[in-house]
Amino acid sequence: MELKKLKGFRDLLPDETPLWQYMEAKARRVLEAFGYREVRLPLLEDTALFRRSIGEATDIVEKEMYTFVDTGGNSVTLRPEGTASAVRAYLENGFARSAPKARWYYLGPMFRRERPQKGRLRQFHQIGVECFGWAEAEADAEVLTLLWDLFAAFGLSDRLRLEINTLGCSADRAAYVQTLRAHLQGLRSDLCPDCQRRIDTNPLRVLDCKKERCRQLTSDAPRITEAVCPKCSEHFARVREILDGVGLAYRVNPRMVRGLDYYNRTTFELLAEGLGAQNAVAAGGRYDGLAEALGGPPVPALGFALGMERLGLLLDPEAAPAPVPTAYWVTRGPEAAARALALRRELAARGMGSAMDLAARSFKAQMRAADRSGARFALILAEDEMASGTVTVKDLSTGNQETVAVGELISYLMGRIATPS
Ligand code: ATP
Ligand code: MG
């Protein structure tokens, strides 16, 4: 076949979707228990939204966005992340005035044109949360503990490490950028070409460079943690104090600056063992200046996003087995098939799944398929059953058979599945 999916895009086939449904269902339960409510936002937005929020001199905006001009002549972009859209929706729908304190979550696909590899796709999926309206350190602590508890719910706490940092306020950051730039100038010729460019455009990103050589060269670069103002230091100390109080382990990583422009104060990453180079499963931080940057009033806020593909790689697929029907229909003759189709609808209406082959295969082949399906019961409709208005119910785990009147089938099966085989 000539038509193939695009590089970095994936099909999630029926054997994989149980794991995805499991991730989604569990995440929803945890998030909703903390009072977060779901928002569903557009996949396509005005390109200017991402340019203004994520920042021009970032990897995402410089080279990773799927941007095109639509037939109306507008520049539009497939969302590379969720925060920009969430803040846009918050402002556009008047939350800043009507309900400034809001806890939101979202799940869905994001698009970035980067080099595909294990744990890195061009269409990937995130679960994200945004906590709007609180500048207090308690909000940072809520979001961090929520992130931790989300992964704990999947049984992953032993394999994770939380790293946190503070970027201070925009004044701190501006001053630090000057100091850092001056320091990096001295290393310029030894850094990679990307980092040489970053010294001029966005020096913070040099600290983010994944190349070992650049990391070594910058290991004794001035640290932002030591350059933040007393108010921001106090905020960070309070966040740590709350985390210490609840026994949530973390490491302060003064090099972690995050790739996006909009962060201030607390930033964090959750790292996992066993994912190779793509070891960040979730990341986030505070972005108190973003609403204003998008033309709204100031709105203190923070959030995180986790990568569902990477979460999925950490999980045991057995945690989410494929669905098994309760029963499997075995029929002989066209009238029996028609009756089975009708009874199947009645079972389905009561939430009971039953499988059937739609081709008139031999009785024996159908019985074999019933055994293989994992269903607990075979529901047999042959000449005798058709003549007497009954169904023969065979318990496939014991081999026992009983004859049940068609009108009693549902209550019979309900009674049987309420008791273990
Ligand atoms: P990385 O350092 O791995 O590129 P990032 O800092 O670009 O990550 P964020 O923008 O913070 O990532 O997104 C949050 C999470 O989304 C990441 O921790 C990761 O789990 C996931 N993620 C980001 N980009 C991809 C991708 N291309 N494919 C799969 N998952 C991704
Ligand atoms: Mg990235």
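Note that ligands are numbered from 1 as they come in the structure, with each ligand's atoms numbered from 1 the same way. Sequence positions, counted from 1, serve as the residue numbers for this chain.
If you number the atoms of ligand 1 from 1 as listed, the ones under 4.0 Å from a heavy atom of Ala305 come out as 14 (C), 15 (C). Ligand-side atoms of ligand 1 in range of Val281: 18 (O), 20 (O), range being under 4.0 angstrom from any heavy atom. Atoms of ligand 1 found under 4.0 Å from any heavy atom of Ala282, numbered from 1 in the order shown, are 18 (O). Residue Ala283 has at least one heavy-atom neighbour below 4.0 Å for each of these atoms of ligand 1: 11 (O). Those atoms of ligand 1 with a heavy atom of Arg258 less than 4.0 angstrom away are 6 (O), 9 (P), 11 (O).
Listed by first and then second residue, the side chain to side chain donor-acceptor pair (under 3.5 Å) pairs that reach into residues 274-288 are Gln117-Gln278, Arg120-Gln278, Glu130-Tyr287, Asp140-Arg286, Asn264-Asp288, Arg286-Asp288, sequence neighbours excluded.
Of the listed residues (Thr267, Leu121, Leu306), the one carrying the non-hydrogen atom nearest atom 28 (N) of ligand 1 is Leu121. With atom 8 (O) of ligand 1 as the reference point, the heavy atom nearest to it among Arg310, Glu269, Glu114, Glu81 is part of Arg310. Evaluated by nearest non-hydrogen atom to atom 13 (O) of ligand 1, the leading choice among Arg122, His125, Gln117, Gln126 is Gln126.
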Requested in this report: Check the pair Asp208, Arg205 against salt bridge (Lys or Arg N to Asp or Glu O under 4.0 Å), reporting the backbone distance first and the verdict last.
Outcome: CA-CA 5 Å; Asp208 229 8; Arg205 279 184 50 217; 5.8 Å; no
Query raised in the report: Taking it one step at a time, do Arg161 and Glu163 satisfy salt bridge (Lys or Arg N to Asp or Glu O under 4.0 Å)?
Result: CA-CA 6 Å; Arg161 187 172 81 234; Glu163 296 197 342; 2.8 Å; yes
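The aromatic rings of Phe9 and Tyr66 stand perpendicular to each other, their planes meeting at an angle above 60°, with 30° marking the opposite boundary.
Centroid-to-centroid, the aromatic rings of Phe154 and Tyr22 come within less than 6.0 Å. A distance below 6.0 Å separates the ring centres of Trp104 and Phe132.
A donor-acceptor pair under 3.5 Å is formed between the side chain of Arg79 and the backbone N or O of Pro109.
Ligand 1 is never approached by Gln278 to a heavy-atom distance shorter than 4.0 Å.
At least one N or O atom of Ala280, backbone or side chain, sits closer than 3.5 Å to an N or O atom of ligand 1.
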